[in-house]
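Okay, so here's the structure we're looking at.
For the single chain, residues carry numbers from 1 onward in sequence order.
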Amino acid sequence: MKHEIDLLAQVPDGLFIGGQWRPADEGATLGVCDPATGGIVKQVADASRADGIAALDAADAASADWAATSLGRRADLLRGAFDLLQERAEEFALLLTIETGKPLEESRAEVAYSGDFLRWFSEEAPRIQGRYGQNATGTGRMIITQHPVGPCLLITPWNFPLGMATRKIAPALAAGCTVVIKPPELAPLSTLFFVSLLEELGLPSGVVNVVTTSSAGAVSKPLLRDPRLRKLSFTGSTPVGIRLLEQAARGVLRTSMELGGNAPFIVFDDADLDRAVEGALKAKFRNVGQACTAANRFIVHHSLADEFARRLAGHARAFTVGRGTDHGVEVGPLIDERAVTKVKHLVDDAVARGATLHAGGAPIEGPGTFFAPTVLSDLQAGSEILREEIFGPVLAVSTFDDEDQAVRMANDTNYGLVSYVYTENLARGQRMIERLETGMMGLNVGVVSNAGAPFGGWKSSGLGREGGAEGIHEYLQTKYTLSANPFA
Ligand code: NAP
């Protein structure tokens, strides 16, 4: 416990604006809770509207100089941040476990994932390039150049707070943009600690500004109306994303929106069942199901469904549930009481409509906000769990008879983030790539995220891509210049 207290004491508790840590307007603070105990672990500054505007002032003031910084310098800073994050990986992992509840092993994986974006975009920065060529008549020369979009507002969720922060900060800085980041109210500590590393590395004042707040809407709204802000990058729920898109439309802001999901997980009758079960465990129970990429609807061929549900129920009952810092814990708490109530409602609704309960089904008594890993089958049409993002440890199995029906069921949602397909038939796997309406697909794998991939969704799951060669272009704008023929 002492090392947790020492670590928490190292995390800054202020706003970071213009290169200075400082308290919020009028000294307001907000408490950060450990969801495994329900106790408040630290107070951090609670920014007001005026603090948000001060952060944008700083980002705007630093914008021209940062845009003029050499690509090599940007790359070195990000590489330095990667190296420092590796050195301090255990501290970051513990902090993530304290603020989100996820088991330490999963927190370590999130730290590695977060670092990958720093390394990836340190390597992408020097690759920002343009084009040069003749126009068709030969009377001119076309010069196509790339420029940073300008000051950005980055808004991140609590489920992967460090991963989502570096997935936005790294490409923004690589492209030459300054940022104001608003971390999640429920889990702001890893972002504050990460920004203190950037400060240690000599990050110029105003390039990254952090505002923690309990009034997300009040702080972000004036920034979205301010003509100095040029981009919004948001990761969070679809309803909040839609509201922010409406606000961003006024200033015709560039937007990247990583929104909610309702991922289908299809198991065909020719699947390797062992592999499918292993993939399902990862796709469903990682971060207690609190992932945008979590498998939400298990669509299993009727010939395998009983065996699939039976095996997963066995695993669900055997999981060790507890505080993520404790040895051997595989499943942590949900983020808060509201999440427990929502998951319970979805399970109760499904059971009331005729679903069969194989394991779990109810919250686990506190302290902490735990829900028992749950497996349901025989889901009936109309069950809310088939429409809603569950965001909890509930695996719900429906059945299908043929490929067309599986595709219809999988695509029957407004979301389109990711799908998972298990089949040993290559042609069928390829058909699924063409038929499933999702921005990403796992073919015989249960986790798809990595820094080298263009992460993002179709339909109501979002706009734009984070990571991959595509990721940096979200923070760049193109200019075309026609220059007179230099030989004329
Ligand atoms: P959320 O409630 O939409 O919040 C996301 C962020 O938006 C938080 O920082 C939140 O601040 C802020 N926010 C809330 N209302 C706002 C408003 N009116 N104006 C400006 N900002 C506002 O989502 P969440 O519960 O944190 O995260 C879970 C959701 O994120 C799920 O739907 C999940 O699928 C999605 N997600 C998507 C991806 C992806 O890459 N597609 C990745 C991870 C998560 P507060 O914390 O202060 O409320």
Hey, does [Y] have a side-chain heavy atom less than 4.5 Å from the side chain of [X]?
X: Leu436; Y: Met432; result: yes
X: Asn450; Y: Asp116; result: no
X: Thr100; Y: Pro161; result: yes
X: Arg286; Y: Glu106; result: yes
X: Cys33; Y: Leu186; result: no

Take Leu77 and Arg74 through the side-chain contact (heavy atoms from CB on, under 4.5 Å) test and state the conclusion after the steps. CA-CA 5 Å; Leu77 178 85; Arg74 296 180 210 163; 5.9 Å; no
Are the charged groups of [X] and [Y] less than 4.0 angstrom apart, N to O?
X: Arg387; Y: Glu384; value: no
X: Glu123; Y: Arg127; value: no
X: Glu474; Y: Arg465; value: no
X: Lys42; Y: Glu99; value: no
X: Asp306; Y: Arg310; value: no
X: Arg88; Y: Glu91; value: yes
X: Arg428; Y: Asp269; value: yes

Sidechain-backbone polar pair: [X] side chain, [Y] backbone, donor-acceptor under 3.5 Å:
X: Asn262; Y: Ile390; result: no
X: Lys168; Y: Thr156; result: no
X: Lys284; Y: Val394; result: yes
X: Asn296; Y: Gly261; result: no
X: Asn444; Y: Thr423; result: yes
X: Ser114; Y: Ala112; result: no
X: Glu185; Y: Thr212; result: no
X: Glu110; Y: Ala93; result: no
X: Ser107; Y: Leu96; result: no
X: Asp46; Y: Thr213; result: no

Does either side chain, that of Arg254 or that of Tyr475, offer a donor lying less than 3.5 Å from an acceptor on the other one?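 Looking only at side-chain atoms, Tyr475 and Arg254 do not form any donor-acceptor pair under 3.5 Å.
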Do we see a donor-acceptor contact under 3.5 Å between the side chains of Thr235 and Glu258?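 There is no such pair (donor and acceptor under 3.5 Å, judged by atom type) between the side chains of Thr235 and Glu258.
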Have a look at Lys231 and tell me which of Pro151, Cys177, Ser256 forms a side-chain contact (heavy atoms from CB on, under 4.5 Å) with it.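 Between Lys231 and the candidates, side-chain contact (heavy atoms from CB on, under 4.5 Å) is satisfied uniquely by Ser256.
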If I take atom CG from residue Leu198 and atom CD1 from residue Ile169, how far apart are they, to the nearest 0.5 angstrom? 6.5 Å
If the condition is side-chain contact (heavy atoms from CB on, under 4.5 Å), which residues does Leu304 pass it with, not counting sequence neighbours?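 By the side-chain contact (heavy atoms from CB on, under 4.5 Å) rule, Leu304 matches Val267, Leu273, Val300.
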side-chain contact (heavy atoms from CB on, under 4.5 Å) against Asp326, all qualifying residues, sequence neighbours excluded: Arg323, Val329
Under the ring pair (Phe, Tyr, Trp, His ring centres under 6.0 Å) test against Phe16, which residue among Trp21, Phe194, Phe193 passes? Trp21
Can you confirm if the NZ or CZ of Lys102 lies within 45° of the ring axis of Phe160 and under 6.0 Å from the centre of its six-membered ring?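 The answer is yes; both the distance and angle limits are met.
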Going by the ring pair (Phe, Tyr, Trp, His ring centres under 6.0 Å) test, which pairs reach into residues 438-464, not counting sequence neighbours? none
Take Leu281 and Phe319 through the test side-chain contact (heavy atoms from CB on, under 4.5 Å) and record every step on the way to the result. CA-CA 11 Å; Leu281 290 169; Phe319 276 135; 4.0 Å; yes
Any idea how Phe308 and Phe298 line up, ring-wise: parallel (<30°), tilted (30 to 60°), or perpendicular (>60°)? tilted
